[in-house]
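This report refers to the structure that appears directly beneath it.
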Amino acid sequence: MPPSPEQSAPTTAAPAVQRRPQRSTVRHGQASCADYGCTRPECRQAALRARRQRNQDRRRGLPARVPPYAAARWAVRLREQGMSAQDIADRAGLSVTLVRRLLRAPELGQAARDIARTTADAILGIPVPSRREPNAPGLTGSAEASRLLADLARAGWPAAALALRLRVNARTVAEVREKRPRLHLDLALRIRRLHRELIGIDPVSQGIRPADAARVRAAAARHAAGV
């Protein structure tokens, strides 16, 4: 009996399952991009280089995975020098998710997952940027900067005076202190340094009018009380 049309029709292969997470930040040119099935030449070449490095490490008796602490401490130092997690990821050729996880790595002696030796070497190979050129286009959360600006407000420092020292406008200072969720990392670092410089100084001794300092302290107290 001749086959039915359904039987004679060629079978089509099922679509390949996409293994890349929906919120993945892996970019083309990274070895992990090829691991997700990308066939671009630059991704395949990156994966080949990573595989060769792993093979070389294995022949030298080096483990493929190492504790994350040294890389985590270096990543923290890079961030303190003005690099965001995205800056570090771009320079190392890693996903920003992995870098952020490293920045949250617990201190030595606590449990933490090992990372690939190539990942650790990529981060440890990033030079510390110059403070004159921090190269920090990335954004960071505003929680610390908001708290530091609130401290200065309770000490009597008006937003306009802080803005002048930070080289921004007073509205930016108010927004970071009150509601802006993220800010440029370079500004966050400047706020941290300004807080260390001013928190122990009476603003009146620096030319702030006593009435203005008192007004700022009163407004800060009302805000802290939720009034």
Side-chain angles (χ1 to χ4, degrees), residues 20-36 38 40 42-54 56-57 62-148 166 176 180-196:
R20 185 193 297 267
Q22 290 184 353
R23 299 184 64 183
S24 171
T25 55
V26 172
R27 296 174 305 284
H28 293 298
Q30 298 179 348
S32 49
C33 189
D35 294 339
Y36 285 131
C38 181
R40 285 194 179 192
E42 63 267 30
C43 302
R44 298 174 65 180
Q45 287 296 321
L48 180 60
R49 288 193 299 270
R51 184 163 59 250
R52 286 173 177 168
Q53 184 63 51
R54 288 194 297 269
Q56 290 176 4
D57 291 343
L62 298 174
R65 301 185 70 81
V66 295
Y69 307 110
R73 286 192 292 266
W74 190 251
V76 169
R77 183 178 177 187
L78 292 173
R79 182 177 61 182
E80 291 173 347
Q81 290 294 113
M83 295 183 70
S84 68
Q86 187 65 66
D87 297 331
I88 297 171
D90 290 341
R91 195 71 78 84
L94 303 170
S95 76
V96 70
T97 302
L98 174 57
V99 173
R100 286 172 180 156
R101 187 164 64 241
L102 271 177
L103 290 169
R104 296 193 299 267
E107 293 297 325
L108 186 64
Q110 299 182 12
R113 289 189 300 174
D114 288 350
I115 59 175
R117 175 178 290 279
T118 52
T119 296
D121 290 345
I123 292 178
L124 292 170
I126 300 175
V128 175
S130 168
R131 280 200 176 274
R132 292 185 178 180
E133 297 180 6
N135 189 26
L139 298 176
T140 187
S142 65
E144 181 191 26
S146 176
R147 175 177 58 80
L148 297 178
L166 291 169
V176 172
R180 181 178 293 187
R182 296 174 70 78
L183 73 161
H184 283 280
L185 182 58
D186 183 55
L187 177 56
L189 294 173
R190 297 206 308 271
I191 290 172
R192 185 187 300 172
R193 291 193 291 268
L194 185 65
H195 180 270
R196 288 198 299 264

Please report the interatomic distance CD1(I88) to CZ(R100), rounded to the nearest 0.5 Å. 10.5 Å

Here the pair of heavy atoms bringing V176 nearest to A145 is CG1-CB, 3.9 Å

Kindly indicate whether the side chain of R44, heavy atoms from C-beta on, has any atom under 4.5 Å from the side chain of L48. no

R190 to L166 - nearest heavy-atom pair and separation: NH2-O, 2.8 Å

Between A85 and V99, the two heavy atoms sitting closest are O-CG1, 3.7 Å

Residues M83, I126; criterion side-chain contact (heavy atoms from CB on, under 4.5 Å); working and verdict: CA-CA 11 Å; M83 295 183 70; I126 300 175; 4.2 Å; yes

Look up atom CD1 in I123 and atom CZ in R73, then write down how far apart they are to the nearest 0.5 Å. 13.0 Å

Results of salt bridge (charged side-chain N to carboxylate O under 4.0 Å, His left out) for R79 - residues two or more places apart only: none

Closest heavy-atom pair and its distance - P67, D114: CA-OD1, 3.4 Å

Could you state the interatomic distance from OG1 (T97) to CG (L102), rounded to the nearest 0.5 Å? 11.5 Å

Using salt bridge (charged side-chain N to carboxylate O under 4.0 Å, His left out) as the criterion, list what pairs up with R147, not counting sequence neighbours. none

All heavy atoms of A120 vs all of A71, minimum pair found to be CA-CB, 4.1 Å

